[in-house]
Amino acid sequence: MNVLNFMQHFFSDGSHWHGYDGIPQRVWEHVQYTAGALAIAAAIGLPIGLVTGHTGRGGNTLAFVSSGARALPTFGLLVLMFVWLGLGIVPVMIPLVVLAIPPILITTYEAIRTVDPSPVDAARGMGMSEPKILFQVEVPAALPLILSGLRSAAIQIVSTATIAAYVALGGVGRYILDGLYQRNYEKVAGGAALTAILALFVLVLFWAVGRVAVSPGVRRRGAA
C-alpha cells in the first residue's frame with residue numbers, strides 16, 4: 001500500500017472521527033498547543049522587536065540571542081524540560097515558545113528598521129511622541145513583514161507541536177507516535193497529513209489576516 005492509500009483508509013475509518021482519540025479532539029488539542037505557544041512567543045518577541053527596531057539599539061544582541069535560540073534542539077529541550085518539570089503542558093510549551101521567538105523577534109526588528117524614514121521624520125517634525133510614531137506610522141507600514149514573522153513562527157509551531165505526544169499529551173502527533181509503536185502506518189500517514197493540513201490552514205489564515213489588517217496602499221507598495 002502506498003501513502004495515499006494509508007491516508008484514505010485512515011480518514012474513511014469512522015472510528016477515527018469520534019471519542020477522545022478522534023480527529024476533531026486531536027486537532028483541537030493541536031490548535032490549543034499552537035495558539036498558546038504563539039501567543040506567549042508573540043507577547044515576548046513583538047514588544048522587544050518593536051522597541052529595538054524603533055530605537056535602532058540592540059540589533060546585534062537580538063541577532064546573537066536569536067541565533068542561539070535557533071541552535072537549540074527542540075526535542076532535546078523537551079526531554080530536558082520533562083526530566084526537570086515532569087509531565088504536563090509546561091515542558092511542551094517551553095521548547096515551542098523558544099522555537100517561535102526568533103522569527104518573530106528578528107522579523108519585527110527588521111520590519112521597523114526598513115520603514116521609509118521620510119514619514120517618520122515628518123511625524124517627529126509635527127511633534128508626535130515616540131510611541132505615536134511607532135504605532136501610528138511605523139507599525140502600519142511594517143505590518144506585512146511583521147505578519148510574515150508571525151506566520152513563520154506559527155508554521156514552525158504547528159509542525160513541531162507533534163512532540164507533545166512524547167510526554168503523554170495529545171495533538172495530531174499522538175497518531176504518529178502511536179502508529180509507529182503499533183506499526184499502524186495508516187495512523188502515521190494520517191497524523192502526518194493532518195499536520196500538513198494544519199500548516200496549510202495557517203498559511204490561509206495569515207493571508208486572510210493580511211488582506212484585512214494591511215492597508216491597500218501598503219500592500220501595493222509591497223507588491224511593486
Side-chain angles (χ1 to χ4, degrees), residues 3-4 6-7 10-11 16-17 20-46 49 66 69-79 81-82 88-108 111 143-180 185-214:
V3 174
L4 293 179
F6 283 139
M7 291 181 185
F10 176 82
F11 287 109
H16 290 150
W17 289 96
Y20 75 94
D21 196 37
I23 291 173
Q25 176 64 26
R26 293 307 187 196
V27 168
W28 173 239
E29 292 168 350
H30 205 91
V31 168
Q32 287 180 303
Y33 302 151
T34 301
L38 183 62
I40 296 170
I44 297 171
L46 283 177
S66 296
R70 285 172 172 164
L72 291 173
T74 303
F75 187 73
L77 187 58
L78 171 69
V79 173
M81 292 298 103
F82 170 70
I89 190 65
V90 176
V92 174
M93 285 291 107
I94 290 176
L96 292 180
V97 170
V98 170
L99 176 72
I101 286 177
I104 296 174
L105 190 61
I106 290 298
T107 307
T108 302
L143 193 55
L145 196 53
I146 293 173
L147 287 175
S148 75
L150 290 169
R151 182 187 63 220
S152 298
I155 291 173
Q156 290 183 36
I157 295 172
V158 164
S159 303
T160 312
T162 52
I163 63 174
Y166 284 91
V167 289
L169 293 180
V172 298
R174 191 79 261 164
Y175 294 128
I176 298 174
L177 186 64
D178 291 348
L180 289 172
Y185 298 112
E186 290 180 10
K187 275 190 173 183
V188 176
L194 287 171
T195 304
I197 291 169
L198 286 170
L200 290 174
F201 174 77
V202 168
L203 286 174
V204 173
L205 178 62
F206 274 92
W207 174 84
V209 169
R211 296 291 295 181
V212 173
V214 179

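Position 1 is the first residue of the sequence, and the numbers go up from there.
- The two atoms that bring V188 and G179 nearest to each other are CG2-C, 3.6 Å, heavy atoms only.
- The closest side-chain heavy-atom distance from L194 to F11 is below 4.5 Å.
- Going from atom CG of L205 over to atom CG of L200 covers 12.5 Å, rounded to the nearest 0.5 Å.
- Side-chain contact between V158 and I155 is absent, with no heavy atoms from C-beta onward closer than 4.5 Å.
- Here the closest non-hydrogen pair linking L169 and R174 is O-NH1, 3.0 Å.
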Practice problem: Start with the C-alpha distance between I104 and I101, add both sets of side-chain angles, then the distance that settles side chain to side chain contact (heavy atoms under 4.5 Å, CB included), and finish with yes or no. | Solution: CA-CA 5 Å; I104 296 174; I101 286 177; 5.9 Å; no

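- Counting all heavy atoms, side chain and backbone alike, G49 lies closest to T108 at C-CG2, 3.7 Å.
- How far OG1 of T34 is from CG of L96: 7.5 Å, rounded to the nearest 0.5 Å.
- Evaluation of the salt bridge (Lys or Arg N to Asp or Glu O under 4.0 Å) rule for R26 yields D21, E29 as partners, not counting sequence neighbours.
- A donor-acceptor contact shorter than 3.5 Å is absent between the side chain of Y33 and the backbone of I89.
- We find the CG-CD1 distance between L46 and I146 to be 7.0 Å, quoted to the nearest 0.5 Å.
- We find the CD1-CG distance between I163 and L78 to be 4.5 Å, quoted to the nearest 0.5 Å.
- The shortest heavy-atom contact between P103 and Q156 is CG-NE2, 4.0 Å.
- Below 30°, between 30° and 60°, or above 60°: for F10 and Y175 the angle between ring planes is above 60°, a perpendicular geometry.
- Between K187 and L180 there is no side-chain heavy-atom pair separated by less than 4.5 Å.
- Atoms CD1 and CG, from I157 and L150 in turn, are 9.5 Å apart once rounded to the nearest 0.5 Å.
- Contact record, L105 with S66: CD2-OG, 3.8 Å, taken as the closest heavy-atom pair.
- Taking every heavy atom of both residues into account, L38 and A153 meet most closely at CD1-CB, 4.1 Å.
- In this structure, the side-chain contact (heavy atoms from CB on, under 4.5 Å) partners of T107, at least two apart in sequence or on a different chain, are L145, S148.
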